[in-house]
Colleague: 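Attaching a single structure in structure tokens format; questions to follow.
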Amino acid sequence: MKQDWKPGTMIYPLPAVLVSCGSSEEEYNILTVAWVGTICSNPPMCYISVRPERHSYPIIKKNMEFVINLTTKDMAYATDWCGVRSGKEFNKFNEMKLTPGKASVVNAPIIEESPLCIECRVKEIMSLGSHDMFIADVVNVKADEKYLNSETGKFELAQSNLLVYVHGGYYEMGEKIGKFGWSVKKKK
């Protein structure tokens with residue numbers, strides 16, 4: 001039997017990402033975001049939703065660029081810490097010993113410890129209520145070479161122990177149980 005609950009955001013799991021922003025070292029900041037996702041594959045577009053009162057909000061709005069840095073089990077502490085501390089009071093890169101790197105297209109820094117950094121340029125900002133959605137074009141992706149399979153040439157992102165967020169908790173991903181299309185693959 002199922003119970004009715006008041007409407008809420010119960011679509012889980014979500015990636016727990018670190019969004020880096022700022023156009024100069026003095027402005028660099030990191031924001032933990034779980035309201036993030038893909039909205040189009042051609043052209044590649046994604047979004048992040050951010051509360052206007054967050055320290056990173058005016059930085060992103062001014063520069064109209066940010067980087068979505070996927071996180072791993074090893075980055076879990078930093079991911080949580082960057083979500084509960086303000087960039088007004090802390091230099092999050094220094095405090096968490098994360099390395100700001102040079103992005104290829106945008107001015108915002110990448111986080112070198114991340115297995116995948118998605119460089120984004122804001123296309124539109126939608127005010128939705130508690131959060132504003134930054135809809136962005138993906139202008140570049142930087143992938144850590146250590147997850148590149150030298151035999152197949154494929155990027156093995158699942159090998160990085162990605163971190164996900166589920167209803168207030170952080171989790172590592174489990175075992176692969178299939179691949180896209182496996183349910184309809186013809187048997188030989």
Side-chain angles (χ1 to χ4, degrees), residues 7-39 46-101 103 106-122 125-136 138 141-142 144 157-158 160-174:
T9 54
M10 297 295 289
I11 301 169
Y12 295 111
L14 294 165
V17 303
L18 291 173
V19 173
S20 49
C21 58
S23 60
S24 65
E25 283 188 41
E26 303 80 46
E27 188 180 54
Y28 286 174
N29 195 41
I30 303 170
L31 173 70
T32 302
V33 175
W35 301 162
V36 58
T38 300
I39 53 176
C46 60
Y47 78 92
I48 60 170
S49 289
V50 180
R51 290 180 182 270
E53 61 269 17
R54 297 295 296 262
H55 177 70
S56 293
Y57 182 94
I59 297 170
I60 296 169
K61 191 168 183 178
K62 179 184 92 165
N63 294 305
M64 299 297 277
E65 297 178 336
F66 58 88
V67 178
I68 297 171
N69 302 274
L70 298 188
T71 60
T72 64
K73 180 181 176 183
D74 291 342
M75 297 173 72
Y77 183 86
T79 301
D80 183 64
W81 195 93
C82 288
V84 296
R85 298 287 188 231
S86 175
K88 284 184 233 176
E89 299 167 19
F90 296 96
N91 179 318
K92 295 180 184 182
F93 278 102
N94 290 345
E95 293 288 332
M96 290 295 100
K97 297 179 179 32
L98 294 171
T99 311
V106 301
N107 289 316
I110 66 166
I111 298 174
E112 291 288 354
E113 290 77 9
S114 172
L116 194 76
C117 308
I118 304 166
E119 298 178 41
C120 300
R121 187 162 288 135
V122 177
I125 304 170
M126 292 178 63
S127 291
L128 300 172
S130 64
H131 290 68
D132 285 0
M133 179 187 289
F134 289 84
I135 297 172
V138 174
V141 176
K142 293 183 86 63
D144 192 325
L157 185 57
S160 69
N161 291 317
L162 290 172
L163 188 66
V164 297
Y165 178 80
V166 179
H167 201 226
Y170 299 101
Y171 298 86
E172 59 184 307
M173 291 178 44

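For this chain, numbers begin at 1 and follow the sequence in order. Reckoned from all heavy atoms, side chains included, excluding hydrogens, waters and symmetry mates.
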Colleague: Could you pull out the closest heavy-atom pair between F93 and I110, with the gap in Å?
Modeller: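 Closest pair (atom of F93, atom of I110, distance): CE2-O, 4.3 Å.
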Colleague: Can you pull out every salt bridge (charged side-chain N to carboxylate O under 4.0 Å, His left out) where at least one residue sits in residues 25-35? Sequence neighbours excluded, please.
Modeller: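 Matches after skipping sequence neighbours: E27-K62.
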Colleague: Which atoms form the tightest heavy-atom contact between C21 and A108, and what is the distance?
Modeller: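 Smallest heavy-atom distance, with atoms named: CA-CB, 3.9 Å.
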Colleague: What side-chain donor-acceptor pairs closer than 3.5 Å can you find for residues 12-19, not counting sequence neighbours?
Modeller:
unit_1: Y12; atom_1: OH; unit_2: T9; atom_2: O; d: 3.2

Colleague: In the structure I gave you, are the side-chain heavy atoms of I111 and M75 within less than 4.5 Å of one another anywhere?
Modeller: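 Of all side-chain heavy-atom pairs linking M75 with I111, at least one is under 4.5 Å.
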Colleague: Check N69, V36, I68, T38 against I118 for a side-chain contact (heavy atoms from CB on, under 4.5 Å) and give me the one that passes.
Modeller: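 Among N69, V36, I68, T38, the one meeting side-chain contact (heavy atoms from CB on, under 4.5 Å) with I118 is I68.
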Colleague: Determine whether more than 12 heavy atoms belonging to other residues, nucleotides or ligands lie under 6.0 Å from atom CD1 of I11.
Modeller: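 Open: at most 12 neighbouring heavy atoms sit under 6.0 Å from CD1 of I11.
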Colleague: Just to verify, what does E119 make a side chain to side chain contact (heavy atoms under 4.5 Å, CB included) with, not counting sequence neighbours?
Modeller: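 For E119 the side chain to side chain contact (heavy atoms under 4.5 Å, CB included) partners, ignoring immediate neighbours, are V67, A103, S104, V105, V106, V139, N140, K142.
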Colleague: Please report the shortest heavy-atom distance between T72 and S160, naming the atom on each side.
Modeller: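 The pair with the smallest heavy-atom distance is CG2-O, 3.1 Å.
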Colleague: Find the distance between CD1 (I135) and SG (C120) and round it off to the nearest 0.5 Å.
Modeller: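 Output value for this atom pair is 12.0 Å.
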Colleague: With side chains defined as the heavy atoms from C-beta onward, is the minimum distance between I125 and Y57 less than 4.5 Å?
Modeller: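 With C-beta onward as the side chain, the pair touches.
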Colleague: Going by the rule salt bridge (charged side-chain N to carboxylate O under 4.0 Å, His left out), which residues pair with E172 if we only count those two or more places apart in sequence or in a different chain?
Modeller: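 Testing E172 for salt bridge (charged side-chain N to carboxylate O under 4.0 Å, His left out), a comparison that skips the adjacent residues, returns K73.
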Colleague: If you take all heavy atoms of D132 and S127, which pair is closest and at what distance?
Modeller: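 That would be OD1-CA, 3.2 Å.
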Colleague: Nearest 0.5 Å, what's the CD1-CD1 distance between I60 and I48?
Modeller: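 That separation rounds to 4.0 Å.
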Colleague: Please report the interatomic distance CD(E113) to NZ(K97), rounded to the nearest 0.5 Å.
Modeller: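 Spacing of CD (E113) from NZ (K97) equals 11.5 Å.
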Colleague: Is atom CE of M133 surrounded by more than 12 heavy atoms (other residues, nucleotides or ligands) closer than 6.0 Å?
Modeller: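 Yes - once you tally the heavy atoms of other residues, nucleotides and ligands closer than 6.0 Å, there are more than 12.
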Colleague: Would a 4.5 Å heavy-atom cut-off, applied to side chains only, mark L98 and I30 as touching?
Modeller: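 The answer is yes, as the side chains (C-beta and beyond) meet within the 4.5 Å cut-off.
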Colleague: Please table the atom pairs, donor to acceptor, closer than 3.5 Å between any side-chain atom in residues 80-87 and protein atoms at least two apart or in another chain.
Modeller:
unit_1: D80; atom_1: OD1; unit_2: Y170; atom_2: OH; d: 3.3
unit_1: S86; atom_1: OG; unit_2: K88; atom_2: N; d: 3.0

Colleague: So, taking the atom named CG in N94 and the one named OG1 in T99, what distance separates them when rounded to the nearest 0.5 Å?
Modeller: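 Between atom CG of N94 and atom OG1 of T99 there are 10.0 Å.
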Colleague: Below 4.5 Å, heavy atoms only, C-beta onward: do N161 and D74 meet side chain to side chain?
Modeller: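 Of all side-chain heavy-atom pairs linking D74 with N161, none is under 4.5 Å.
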Colleague: Who are the ring pair (Phe, Tyr, Trp, His ring centres under 6.0 Å) partners of Y28, not counting sequence neighbours?
Modeller: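 Here no residue qualifies.
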Colleague: When rounded to the nearest 0.5 angstrom, what is the spacing between CG in L31 and NZ in K92?
Modeller: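 Rounded to the nearest 0.5 Å, the CG-NZ separation comes out at 6.0 Å.
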Colleague: Find the distance between CG (N63) and OG (S56) and round it off to the nearest 0.5 Å.
Modeller: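 Separation between the atoms: 11.0 Å.
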